[in-house]
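Naming: A, B, ... by sequence-line order, numbering from 1 per chain.
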There are 2 protein chains.
Amino acid sequence: MVANSASGDSVVDRIVRLIAAFPQDVHTLQLSELAERAGLPLTTTHRLVRQLAGHGLLETGPGGTVRPGLRLWELVNRTSPTLALRQAAMPFMEDIQQVLNQNVNLAVLDGWEALFVERLSRRGSVANRAQVAGRMPIHISSAGLALMAHQDKALQGQYLDQFADPDGKLTRDQARALLAETARQGFAQLKGIVDPDTWGIAVPVLNRRQHAVASLGVVVPLQEMRLQALVPALQTAARGIARRLADS
Amino acid sequence: MVANSASGDSVVDRIVRLIAAFPQDVHTLQLSELAERAGLPLTTTHRLVRQLAGHGLLETGPGGTVRPGLRLWELVNRTSPTLALRQAAMPFMEDIQQVLNQNVNLAVLDGWEALFVERLSRRGSVANRAQVAGRMPIHISSAGLALMAHQDKALQGQYLDQFADPDGKLTRDQARALLAETARQGFAQLKGIVDPDTWGIAVPVLNRRQHAVASLGVVVPLQEMRLQALVPALQTAARGIARRLADS
DNA sequence: CACCCCGTTTCCGTTCAATGGGACGTTTCC
DNA sequence: GGAAACGTCCCATTGAACGGAAACGGGGTG
């Protein structure tokens with residue numbers, strides 16, 4: 001009846017809602033469930049899914065099951081802005097991981113969160129909350145701190161202005177102090193914040209203008225003893241990554 | 001004038017054309033160039049880009065520059081069908097890479113091509129044509145052969161029926177024989193085909209029904225001497241990956 | 001400085017592709 | 001065997017998408 005888009009959203013909006021409706025851990029969704037999650041009428045969902053599946057962006061299985069398609073992954077990953085970063089960082093991340101035998105992660109800043117681009121984890125290493133393509137708020141991740149501490153003053157100002165303590169744990173002034181301390185030291189550390197038994201340490205990957213384009217971090221157990229050597233190792237690797245980025 | 005879609009393609013088609021228009025190596029495109037590549041009128045391109053940028057799927061810079069957005073990468077990579085595979089395979093790939101100090105790659109079958117999901121390369125290792133999110137035809141990649149040699153007979157039949165020699169190098173019967181040989185041996189090898197100086201070797205990652213869900217491969221120089229040990233090492237790793245996939 | 005050129009952005013009347021309620025076929029569960 | 005849930009198809013309605021035209025802006029040239 002209501003012709004084009006009763007609810008005032010465009011086709012683009014709907015498509016985005018559709019692919020965003022997939023939760024991170026689930027690989028397959030029922031059509032009706034997808035419709036509900038995306039907040040779209042079943043019929044509309046059905047039509048859009050069929051169209052998207054025609055391009056391989058989604059794949060449909062028997063019984064109305066839907067899952068993200070390989071072609072979508074391909075299209076996005078071959079042109080992604082993170083690809084060059086990942087390529088440059090990978091060898092260094094592996095080196096770090098070999099030496100420490102613990103989790104290594106690579107993140108970029110997006111909005112007021114750290115977006116994790118890559119993670120190397122090892123059997124036997126401590127738990128790591130950072131998932132690939134996962135996010136963490138700036139102030140409860142060492143990656144986030146390392147990233148924000150090396151940004152424009154203007155951006156930091158905007159961030160602190162809108163800063164609202166999620167659990168009331170941190171006041172705005174404490175947040176500001178934490179950033180300043182991180183910038184002064186040249187690395188970020190969070191002891192037992194993300195996870196009570198782990199210690200997160202991250203350093204910025206700086207560009208020519210000394211702004212962080214990424215962060216390189218590790219998650220180690222609280223009793224890790226090699227802290228003195230750890231930060232220099234990370235910083236060396238971060239400089240290596242920066243150099244490779246500048247070359248390309 | 002011509003209202004909705006003069007050329008008979010839907011909005012979905014256009015969006016796909018838009019994100020597919022980005023070449024793999026270029027990160028930023030001019031709006032007009034994007035329009036031309038996508039085969040869309042400039043005005044339409046502009047409107048769609050603005051909408052997509054509103055969701056963060058694309059990002060616009062000053063002067064009408066457009067690049068893929070972080071949010072797109074995030075959405076796709078957190079739900080991608082390859083994520084579980086990648087997570088399961090990564091540790092084994094690193095092991096192989098450490099031991100051989102050469103390129104390691106992971107691929108899946110999509111259509112009549114091998115789609116490379118992950119690649120670990122090392123400074124000093126030989127050239128490797130396989131890019132992450134890149135494709136290679138089945139018969140000129142060891143990964144492709146390993147994948148197709150362990151599929152349903154029906155699928156293999158369809159593949160061989162439509163098989164057309166790209167350069168006339170390979171007849172259909174030769175292609176069939178190559179697949180059979182690969183299946184018999186349990187691994188695929190191509191000597192100097194992809195690149196005159198390199199040797200590609202790949203083994204299938206098999207599921208419970210003995211079908212290949214992925215392939216694990218290496219690219220080594222022609223003079224590599226450890227071939228005897230190489231295939232068993234790959235096969236062991238492939239079994240390890242299969243076990244981890246089955247567990248989750 | 002005035003001019004031009006080329007790409008981006010906005011405007012707006014036309015129109016057809018997108019829409020979604022309804023109905024039907026199929027499977028699953030009680 | 002009946003009912004509930006789900007996927008699929010149909011189709012009249014209509015406003016969102018379309019794109020030509022024109023305005024805007026900025027960078028280079030005579």
Applying the Watson-Crick and G-U wobble criteria at under 3.5 Å, what pairs with C:dC30? Answer none if nothing qualifies. D:dG1

Quick one: do the A:Asn77 and A:Ser80 side chains pair a donor with an acceptor below 3.5 Å? no

Quick one about A:Thr65 and A:Gln30 (side-chain donor to acceptor, distance below 3.5 Å, no hydrogens or angles considered), yes or no? no

Looking at A:Thr44, does any N or O in its side chain come under 4.0 Å of the phosphate oxygens OP1/OP2 on C:dT19? no

How many whole angstroms separate atom NE2 of A:His46 from atom P of D:dC11? 16 Å

Relative to the 5' end of DNA chain D, which residue comes earlier, A:Gly61 or A:Val12, by the nucleotide with the nearest heavy atom? A:Gly61

Would B:Arg71 and A:Asp110 pass as an ion pair if we require N to O under 4.0 Å? no

Is it true that a side-chain atom of B:Asn207 and a backbone atom of B:Gln210 form a donor plus acceptor pair closer than 3.5 Å? yes

Does a side-chain N or O of A:Arg47 approach OP1 or OP2 of C:dG20 to a distance below 4.0 Å, or not? no

Check DNA chain D against residues 29-42 of chain A and give the residues with a non-hydrogen atom under 4.0 Å, in numerical order. A:Gln30, A:Leu31, A:Ser32, A:Leu42

How long is the straight-line distance from CZ of B:Arg14 back to OG1 of B:Thr45, given to the nearest 0.5 Å? 9.0 Å

DNA chain C contacts made by residues 49-57 of chain A, counting heavy atoms under 4.0 Å: none

Tell me: CG of A:Leu48 to P of D:dG7, nearest whole Å? 15 Å

Do A:Arg135 and B:Glu74 meet the salt-bridge criterion of a basic N to acidic O distance under 4.0 Å? yes

B:His139-B:Phe163 aromatic ring centre distance below 6.0 Å: yes

Side-chain donor-acceptor contact under 3.5 Å, A:Gln51 with B:Ser10: yes

Phosphate oxygens OP1/OP2 of D:dA16: is one of them under 4.0 Å from a side-chain N or O of A:Arg14? no

Closest to side chain of B:Thr43, choosing from D:dA17, C:dG22, C:dC11: C:dC11

Output yes when B:Glu118 and A:Arg86 qualify as a salt bridge under the 4.0 Å nitrogen-oxygen rule, no when they do not. yes

